[in-house]
Protein chains: 2
Amino acid sequence: MLGLNLQQLEYLVAVDNYKQFTIAAEKCFVTQPTLSMQIKKAEEQLDIVIFDRTKQPILTTPVGEKIIAQARVVINEYNRMEEIVREESGRIEGSLTIGIIPSLAPYLLPLFVGHFKKNNPLVNISFKEMITEDLVKALKQDLLDAAILVTPLEEKDIIEQALFYEDVLIYAHPQHSLHQVKSLKVDNLTSSGLWLLDEGHCFRSQVLNLCELQANVSADLPLHFESGSLDTIRKMVDAEGGYTLLPALAAQELVFDLHKQVKEFEIPVPLREVSLVYSRAFYKRLLLERLSVSIKASVPEEMLHKDRGHVVEWK
Amino acid sequence: MLGLNLQQLEYLVAVDNYKQFTIAAEKCFVTQPTLSMQIKKAEEQLDIVIFDRTKQPILTTPVGEKIIAQARVVINEYNRMEEIVREESGRIEGSLTIGIIPSLAPYLLPLFVGHFKKNNPLVNISFKEMITEDLVKALKQDLLDAAILVTPLEEKDIIEQALFYEDVLIYAHPQHSLHQVKSLKVDNLTSSGLWLLDEGHCFRSQVLNLCELQANVSADLPLHFESGSLDTIRKMVDAEGGYTLLPALAAQELVFDLHKQVKEFEIPVPLREVSLVYSRAFYKRLLLERLSVSIKASVPEEMLHKDRGHVVEWK
DNA sequence: TATATTGCATCGATAAAATCTATAATAGTT
DNA sequence: AACTATTATAGATTTTATCGATGCAATATA
């Protein structure tokens, strides 16, 4: 035996995650000296330097990176033992921490959480809203069990499992030119009057992709304003004119009056592929399968197929 | 955290391996009560029964099997950390425990151990001679790092890496009919006068396969005698007449006089594929690669190719 | 230049645990 | 019924992780 124990591995991973002994100690629910001692012992036992403490924030050495990557593997495999017991018991219980992007959270969550809770009463599910980049980071640090976001990501070590295909719609002010067009095609889109989400939001990238515009289009916009919320954007269209694009679930919940401003594209419609993604192939797969089932059962049936349109890339 | 520690996982694996608390405790270098207590704690913490102690030898429950399989994974991933450090250091050191079949051990080992020791002085290599079936069992229990044996095995979770292809030759008493035949083909072989290794030896199976005989041919043999040693078999041929088949490395070391009794087959000659096999894809791969290099450098060059013959199956 | 501030390391005491030795309980055998 | 083999239990001992207090070094602030 090497001499390291699982606790020490957790400490190593924590320090690597938070790049600070004090914070890492807090997250591990121990005092800083305790963590310092164990890290030191680990380094002595392996006879390598894992963290360069002369730098601030702390730097993980190259060997350290490899060791910590392996430590993550060990911890994950270890945690799987718990699931094996649970799976064997046949009871669906445990906890799930799921990340979700802002352009889905307010519209998708209300749809399926009820269904999931009802069918899996013993599962403690919680959600964290973040943009894709942060979700991927959190997944790789094992801070999330899975995330619901728009794919394809083309991220190494991230597994994608498509959930549904959401139509991209147009929300145009009654006086905007697009409001009059009969049969809408992607080519009809212009930068004139277009409202956009903040940088970092994948839906912003998709919109820009669709309009074949450069990332920096703010010059063409009527007003230099960006928001993290689709609802805010939509309200700006109502108040100030112009138009924006809306994912179907965001459009779906609009009251009748507002719904008049929603226009569909002609077939093939642009779609965004919404997926459940995770980094650990076997971890909590039973619970994640239940989650997947709940989501698919809760979105409109036609969204489960993609043959009516084409998936919009965004990376 | 689950509460189990790595020590407990080792204990679980040990009990599963030896099916006896007392023996398992010995192998773990602790007293039996220590091991009993930890196993009990593990079962309590997971809230499952892992071992059925009412049976003798102890029976691992179905859940227990799964937990222990996962425990093996955790331990292996854990042990890999040590290697990562070593690989990083660039020094070739550590230990290797290699299994090898009896029909290879006395002829192959002397060929390459010198080469290996000279090129890897810091590696502590040891060998265990066993028949294939036991080698596979030991590999799956992680009691061996790798084994040198005759493939293909068609065993799940066992990885084969071909080392060389050894000719199968004939060793016939001067008065035996085969001794006179000019051009020897496999079809010439008969059961008459054939001497065989014990059951369980893969070379026995290969010989029987080649001769297209049933497993139970002893009735046709001049004398009902089986041995675990090729040398003994060969000496019986000398003393009592008849013939046997010899792998090339066993024939190679014969003194000039005896070598006259060795006959080669015509091309395509029957070959046995000798491989380095292991169960853990990443474990000690650097050392095993060095081992592989040493072996390939030590056997006659022509054995590295198989185009002169056909590989004899034996399973 | 003096002085907080931040962040990690060290020290001694304490509490938790794993382990040991000795012994008991249990089941199967002769 | 005695014997043997095997696991479980009890109490003592040792090892270990943890904590709180403190020290020390680097950096930022006055």
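Numbers restart at 1 for each chain; the letters A, B, ... are given by sequence-line order, proteins then strands. Nothing here was measured: the structure is a model prediction, and the numbers come from that model.
The number of heavy-atom neighbours closer than 6.0 Å to CD of B:Glu289, taken from other residues, nucleotides and ligands shown, is above 12. With a 6.0 Å radius and a threshold of 12 heavy atoms from other residues, nucleotides or ligands, B:Lys27 has its NZ atom at or below the threshold.
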Handout entry: side chain to side chain donor-acceptor pair (under 3.5 Å) between A:Gln70 and B:Glu77, intermediate numbers included
Key = CA-CA 7 Å; A:Gln70 185 64 16; B:Glu77 294 292 352; 2.7 Å; yes
Handout entry: side chain to side chain donor-acceptor pair (under 3.5 Å) evaluation trace for A:Thr60 with A:Asp16
Key = CA-CA 7 Å; A:Thr60 308; A:Asp16 185 60; 2.7 Å; yes
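Atom pair A:Glu26:CD and D:dG20:P shows a separation of 13 Å (rounding to whole Å applied). Taking atom CD1 on A:Ile58 and atom C1' on C:dT6, their separation rounds to 12 Å, with Å as the unit. Atom-to-atom, NZ of A:Lys19 to P of C:dG7 comes out at 16 Å; the value is rounded to the nearest Å. With rounding to whole Å, B:Ile39 atom CD1 is found 17 Å from D:dT6 atom P. Here the C1' atom of nucleotide C:dC8 and the CZ atom of A:Phe51 are 13 Å apart, to the nearest Å. Rounded to whole angstrom, the span from the CD atom of A:Glu43 across to the P atom of C:dT10 amounts to 11 Å. Per the geometry, CG belonging to B:Leu59 stands 16 Å off P belonging to D:dT6, to the nearest Å. As rounded to whole Å, 16 Å separates atom C1' of C:dC8 from atom CD1 of A:Ile50.
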Pairs under 3.5 Å (N/O, protein and nucleotides 16-20 of chain C):
{"from": "C:dA17", "atom 1": "O3'", "to": "B:Lys41", "atom 2": "NZ", "distance (Å)": "2.9"}
{"from": "C:dA18", "atom 1": "OP2", "to": "B:Lys41", "atom 2": "NZ", "distance (Å)": "2.3"}
{"from": "C:dT19", "atom 1": "OP1", "to": "B:Tyr11", "atom 2": "OH", "distance (Å)": "3.0"}
{"from": "C:dT19", "atom 1": "OP2", "to": "B:Tyr11", "atom 2": "OH", "distance (Å)": "3.4"}
{"from": "C:dT19", "atom 1": "OP2", "to": "B:Gln38", "atom 2": "NE2", "distance (Å)": "3.1"}
{"from": "C:dC20", "atom 1": "OP2", "to": "B:Thr31", "atom 2": "N", "distance (Å)": "2.8"}
{"from": "C:dC20", "atom 1": "OP2", "to": "B:Thr31", "atom 2": "OG1", "distance (Å)": "2.9"}
{"from": "C:dC20", "atom 1": "OP2", "to": "B:Thr34", "atom 2": "OG1", "distance (Å)": "2.8"}

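Nearest approach of A:Leu12 to A:Ile68, heavy atoms of both residues: O-CD1, 3.9 Å.
For A:Thr22 and C:dC8, the shortest distance from a side-chain N or O to OP1 or OP2 is below 4.0 Å. Checking the phosphate oxygens (OP1, OP2) of D:dT9, a side-chain nitrogen or oxygen of B:Lys40 falls inside 4.0 Å. Between B:Arg53 and the phosphate of D:dA8, there is a side-chain N or O to OP1/OP2 separation shorter than 4.0 Å.
Under a 4.0 Å N-O distance rule, the pair A:Lys140/A:Glu155 qualifies as a salt bridge.
Between the side chains of B:Asp52 and B:Thr61, no donor-acceptor pair is found at a separation under 3.5 Å.
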